[in-house]
Amino acid sequence: MTFMKKLTAVLATAAIAVSALAVTASADEPFIGYNYDWWGDPIPSQNGFVVDEVYTGEDIGVGALSEPSDIFVHQETGNFYIADSKNNRIILTDKNFKNGKVIDTLTYGEIFPEEKSQIKKTTFNSPQGIYVRTDNDGNTFIYVADYDNNRVVAFDEELQIVMEYIRPSSDVYDAKTTFNPEKVIVDNAFNVYVIVPSITQGAVQFSADGSFNGYYGANRVEATAEVIAQQFWKLIYTREQIIAMRRSVAIEIANMDIDNEGFIYTVTENKSADTDVLKKLNPAGTNIFTNLGYDQYTYGDASARYYKGKTYASAITDVDIDEQGNIYLLDFATGRVFQYTNECDLLFIFGTKGTQKGTFTSVSAIETFEGKVYVVDSRKNSITAFRQTEFGAIVQEAIYLFNEGLYDEAKGPWEEVLRRDANYWLAYIGLGNAYLNQGDYKTALDYFYRNSRGGYNRAFKSFRIEFIRANFNWMMLIVLGLVLIIATISFIRGRKKKKAKGGTK
């Protein structure tokens, strides 16, 4: 590593630590833009997102929010739903965060037993999570993880309850385990997935009719030294000794989201965890990222930062997938948002902790809509909207063309990216693929070098094949010449040996 590269890394690291302590930057960008290079070192970078607006309950017209914990946008209508936890209500607002409506009381329908239908009314008690799903007939249903009411309640736009998902009465569900749902999502088949903080077996899964289907998407046990030692001793211990051993359990899921294709993404909020920080699950609950090698990636900040006796390490608390398949991870520890491609390549980092506009005290949820990113702060009782910069839009255009396989068309945007930010290493990979597609393997090698090992290997293989084809005749003549030289030398040596033997006789 050169002196300048080391100096750049040190300066960037210092900038990150300073931004973590909310040192003033500028009014429009209160956080310092940075990214990571191929070696995993932080480097200065242009911001892909900047602060657009900050919304409060007063702006929405519903009075002050109190510890909002979740946010969801209905893509078809553009309406936002906010779980205003301490106020025991759900806020419905339009995409401009105007004309707010308070939902705090629901009605039981006739499908419920008589004792509930006679009660008629029910209220929320610390709602923590919210999800909205529309069926094929255009009916919209709202699902709320009603934490202290020990239920997930589903209701329609008329505020009439259509289903309650409560603690399963099953031997599979431990009798000692409570049912305090924190987050909820619903798939296309209206299966309901619930995160309960005391459960480490995965999300609690219900069918649409409320039947308990078991657990979904459990994390793996972190491969710590203690776990590895336990696996060794289990090979030689007796059954009684194994039972007496302290059990190692997986870390619980912190949050989840579902993309347009029905894949479920989960995140783990633990500063010390390296296993299953981000997963992409198929209907069987298998992590697709494992086969692709993406589960070995580092998500959030590449390593812990130490500054004035404090450790700044990522703790991913929420995940969102936008319409283009980009992945957004919200870091509770640092107040930052990390944007990745659908192949888990880091695009941008923005946000930080602080008291300025666009900084956070305690982030709780993230949502995206029409190119904007919305982050909920449960202590500031506000929602901050980030808009894409011109630089961010150029990167997104290049990524779109890249994902469509239009490498030549993506060449122009990638070149513009490098003109604006020579440190943006993903652009080197994009241009490497463009030249590789054009058959210019030598130039592709230059762009892939120290930026993509896989791309470099592909380009080198093609370059080698092309070189052999272009120089095949000369290479064959050289080989034949060498064979003739070797044969001649061997023949001459043989003659000399025969003469030497004849002379000794």
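For the numbers below, each heavy atom of this structure counts, side chains included, while hydrogens, waters and symmetry mates do not. Fair warning: this is a prediction, and the values are worked out from it, not measured in the lab.
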Option among Ile258, Asp259, Leu329 that satisfies the side-chain contact (heavy atoms from CB on, under 4.5 Å) test with Tyr265: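 The single option meeting the side-chain contact (heavy atoms from CB on, under 4.5 Å) with Tyr265 is Asp259.
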Picking from Val54, Val373, Val363, what satisfies side-chain contact (heavy atoms from CB on, under 4.5 Å) with Thr384?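 Testing Thr384 for a side-chain contact (heavy atoms from CB on, under 4.5 Å) against Val54, Val373, Val363 leaves exactly one candidate, Val54.
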Under the salt bridge (Lys or Arg N to Asp or Glu O under 4.0 Å) rule, collect the residues that match up with Lys86, sequence neighbours excluded.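 Per chain and number, Lys86 pairs via salt bridge (Lys or Arg N to Asp or Glu O under 4.0 Å) with Glu67.
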With a 4.5 Å heavy-atom cut-off, do [X] and [Y] have their side chains touching?
X: Phe141; Y: Arg133; result: no
X: Pro44; Y: Tyr34; result: no
X: Tyr297; Y: Leu278; result: no

Can you find a side-chain donor-acceptor pair between [X] and [Y] that sits under 3.5 Å?
X: Lys411; Y: Tyr435; answer: yes
X: Ser85; Y: Ser69; answer: yes
X: Thr389; Y: Asn47; answer: no
X: Tyr147; Y: Asn125; answer: no

Using the ring centroid of each side chain, check whether Tyr81 and Phe72 are separated by less than 6.0 Å.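 For Tyr81 and Phe72, the ring centres are not under 6.0 Å apart.
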Identify the residue among Phe386, Phe80, Phe49 that makes a ring-ring contact (aromatic ring centres under 6.0 Å, His included) with Tyr374.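 For Tyr374, the ring-ring contact (aromatic ring centres under 6.0 Å, His included) check succeeds only for Phe80.
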What pair of heavy atoms forms the shortest contact from Pro127 to Asp84, and how long is it?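 Looking at all heavy atoms of both residues, the shortest contact is CG-O, 4.4 Å.
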Mind listing the closest non-hydrogen atom pair of Ile366 and Asp318 along with its distance?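 That closest heavy-atom pairing would be N-OD2, 2.9 Å.
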Just checking, Lys353 and Phe332: is the charged tip under 6.0 Å from the six-membered ring centre and within 45° of the axis?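 Pair Lys353/Phe332 counts as cation-pi.
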NZ or CZ of Lys280 within 45° of Phe263 ring axis and under 6.0 Å: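 Yes.
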[X] and [Y] ion-paired at < 4.0 Å:
X: Asp52; Y: Lys372; result: yes
X: Arg420; Y: Glu390; result: yes
X: Asp331; Y: Arg336; result: no

Atom pairs and distances, side-chain donor-acceptor, residues 392-404, under 3.5 Å, sequence neighbours left out:
from, atom 1, to, atom 2, distance (Å)
Gln396, OE1, Asn326, ND2, 3.1
Asn403, ND2, Ile399, O, 3.4

Please verify the inter-ring angle class for Phe97 with Tyr55; under 30° counts as parallel, over 60° as perpendicular, anything in between as tilted.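 If you compare the ring of Phe97 with that of Tyr55, the planes turn out parallel.
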